[in-house]
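Letters go in sequence order (proteins before strands), and every chain restarts at 1.
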Protein chains: 2
Amino acid sequence: MELTAPDDAPLRADAARNRARLLEAAARLVEEQGVARLTMEGVACAAAVGKGTVFRRFGDRTGLLMALLDHTEQRFQTAFISGPAPLGPGASPVERLHAFGCHALRQTSEQLDLYLAAEPEATRRFTSAPYRVRFMHVCMLLRQTGSGTVTDTELVAQTLMGYLDPALIGHLTRQRGVSPERLETGWCDLVDRSVGPRPA
Amino acid sequence: MELTAPDDAPLRADAARNRARLLEAAARLVEEQGVARLTMEGVACAAAVGKGTVFRRFGDRTGLLMALLDHTEQRFQTAFISGPAPLGPGASPVERLHAFGCHALRQTSEQLDLYLAAEPEATRRFTSAPYRVRFMHVCMLLRQTGSGTVTDTELVAQTLMGYLDPALIGHLTRQRGVSPERLETGWCDLVDRSVGPRPA
DNA sequence: CCTTTAAGCGGACCTCGGTCCGTTTTGTTG
DNA sequence: CAACAAAACGGACCGAGGTCCGCTTAAAGG
């Protein structure tokens with residue numbers, strides 16, 4: 001597989017070409033008929049490639065969909081790791097957390113169907129590479145708040161991450177009609193309560 | 001379907017009998033070879049019933065697994081709705097929230113594999129009957145804290161519920177080696193922060 | 001350029017969840 | 001008890017994800 005254990009070894013020429021064609025074909029099919037109708041065989045066919053090749057390259061359907069989101073995710077990552085404040089370094093940890101969540105909320109909302117479809121099975125949700133990068137970042141910011149009030153960084157970080165779960169965002173915005181603004185306010189509130197002093 | 005829209009109309013005699021046989025067979029198969037190896041055809045066969053019957057009765061695989069958890073879930077529900085304090089009425093809302101989460105954490109841990117397998121697809125996670133009952137209860141308790149400090153009950157309740165997600169519990173306890181005590185402490189902390197005064 | 005070999009390829013094949021529809025059973029009504 | 005409608009049944013059938021393995025081909029070394 002790829003996203004879970006990024007191969008440092010470069011792909012063979014034909015493999016690289018096929019990979020590109022597959023991603024292109026998949027993106028086109030998703031745009032044309034929605035991610036729900038995307039089948040692995042369909043992608044293989046549209047890319048004029050064998051079905052086995054798709055699985056060899058992306059592991060499974062989820063892997064393919066995550067690959068489609070890879071570009072977006074990479075940009076987000078570099079933005080919050082080394083980009084300009086308040087997302088990147090320069091702002092206070094709390095401000096960065098606010099910005100982080102709001103950006104994630106917007107990004108997820110924009111490509112909600114894809115993020116929903118790319119959600120791995122329950123067991124793997126927390127081990128995908130993009131999740132772990134986000135998670136580690138939140139942990140780091142929580143630690144940087146310095147106020148020794150966050151007793152258990154890992155648990156708090158997971159709680160925060162839970163708020164950004166695409167499934168939850170989709171449910172709240174689509175089924176429950178929660179506005180994006182309300183979602184962002186809720187996020188900032190959650191962050192403030194998480195890093196603030198522990199109430200009596 | 002059944003758990004999502006409980007049929008008030010009583011089942012026909014043969015249907016009720018088959019339902020019981022199916023649940024019995026499914027429970028036995030799960031105990032014998034684990035939930036991962038449970039196939040719908042296998043259950044049908046073990047219950048000496050047609051495959052279509054399984055789907056007619058339980059809708060899909062998730063429905064069958066949820067039905068297996070129904071008994072446990074029902075007892076939990078009556079416990080926190082009308083049982084003795086601190087889970088049931090009689091204790092303060094915050095105490096009840098503490099008890100609620102700790103009970104849920106324990107219950108989920110005890111039958112983790114089943115809860116994991118019964119987790120519906122992303123889109124349906126928040127609309128299953130058991131989830132909604134739990135969610136409404138948390139909402140009610142949050143409102144009862146009376147302190148007008150919980151600005152957005154629904155969002156806070158969803159955050160709390162996210163902490164109790166079987167997938168998260170499984171990840172923390174199995175992959176990350178987090179102890180049950182630590183999980184429970186984390187829950188109580190989260191509750192306290194959620195209902196406490198909003199920090200400056 | 002030839003050999004070699006490991007990565008890549010392709011598509012037949014398998015499994016399993018889910019659907020469909022002709023047949024059977026239940027229980028109600030006259 | 002006979003007739004009838006509604007509910008239930010069962011298993012053939014379908015689609016899609018995922019596997020397997022014999023064949024092909026890129027690219028490194030002589």
Tell me the interatomic distance from [X], atom [atom1], to [N], atom [atom2], rounded to whole angstroms.
| X | N | atom1 | atom2 | result |
| --- | --- | --- | --- | --- |
| A:L64 | D:dG18 | CG | C1' | 14 Å |
| A:E41 | C:dC14 | CD | C1' | 13 Å |
| A:L11 | C:dA6 | CG | C1' | 14 Å |
| B:R56 | C:dT23 | CZ | C1' | 13 Å |
| B:R17 | C:dG27 | CZ | C1' | 15 Å |
| A:K51 | D:dG15 | NZ | C1' | 9 Å |
| A:F58 | D:dG17 | CZ | C1' | 16 Å |
| B:F55 | D:dA8 | CZ | P | 17 Å |

Salt bridge B:D60-B:R124, side-chain N to carboxylate O under 4.0 Å: yes
Lys/Arg N to Asp/Glu carboxylate O, B:R174 vs B:D113, below 4.0 Å: yes
Closest non-hydrogen atom pair, A:R21 against A:A47: NH2-O, 3.2 Å
Distance flag, aromatic centroids of A:H103 and A:F80, threshold under 6.0 Å: no
Does [X] put a side-chain nitrogen or oxygen below 4.0 Å from OP1 or OP2 of [N]?
| X | N | answer |
| --- | --- | --- |
| B:R57 | D:dC9 | yes |
| B:T39 | C:dC16 | no |
| A:T53 | C:dG10 | yes |
| B:N18 | D:dC9 | yes |

Sugar-phosphate, base or nothing in reach of B:R61, heavy atoms under 4.0 Å: sugar-phosphate
Sugar-phosphate only, base, or nothing, as touched by A:L38 at under 4.0 Å among non-hydrogen atoms: sugar-phosphate
A:G50 vs B:D14, nearer the 5' end of DNA chain C by closest nucleotide: A:G50
Side-chain donor/acceptor of A:R12 to base of C:dA7, under 3.5 Å: yes
Side chain to side chain, A:R176 and B:F126, heavy atoms closer than 4.5 Å: no
B:A13 side-chain proximity, nearest of D:dG17, C:dG8, C:dG27: C:dG27
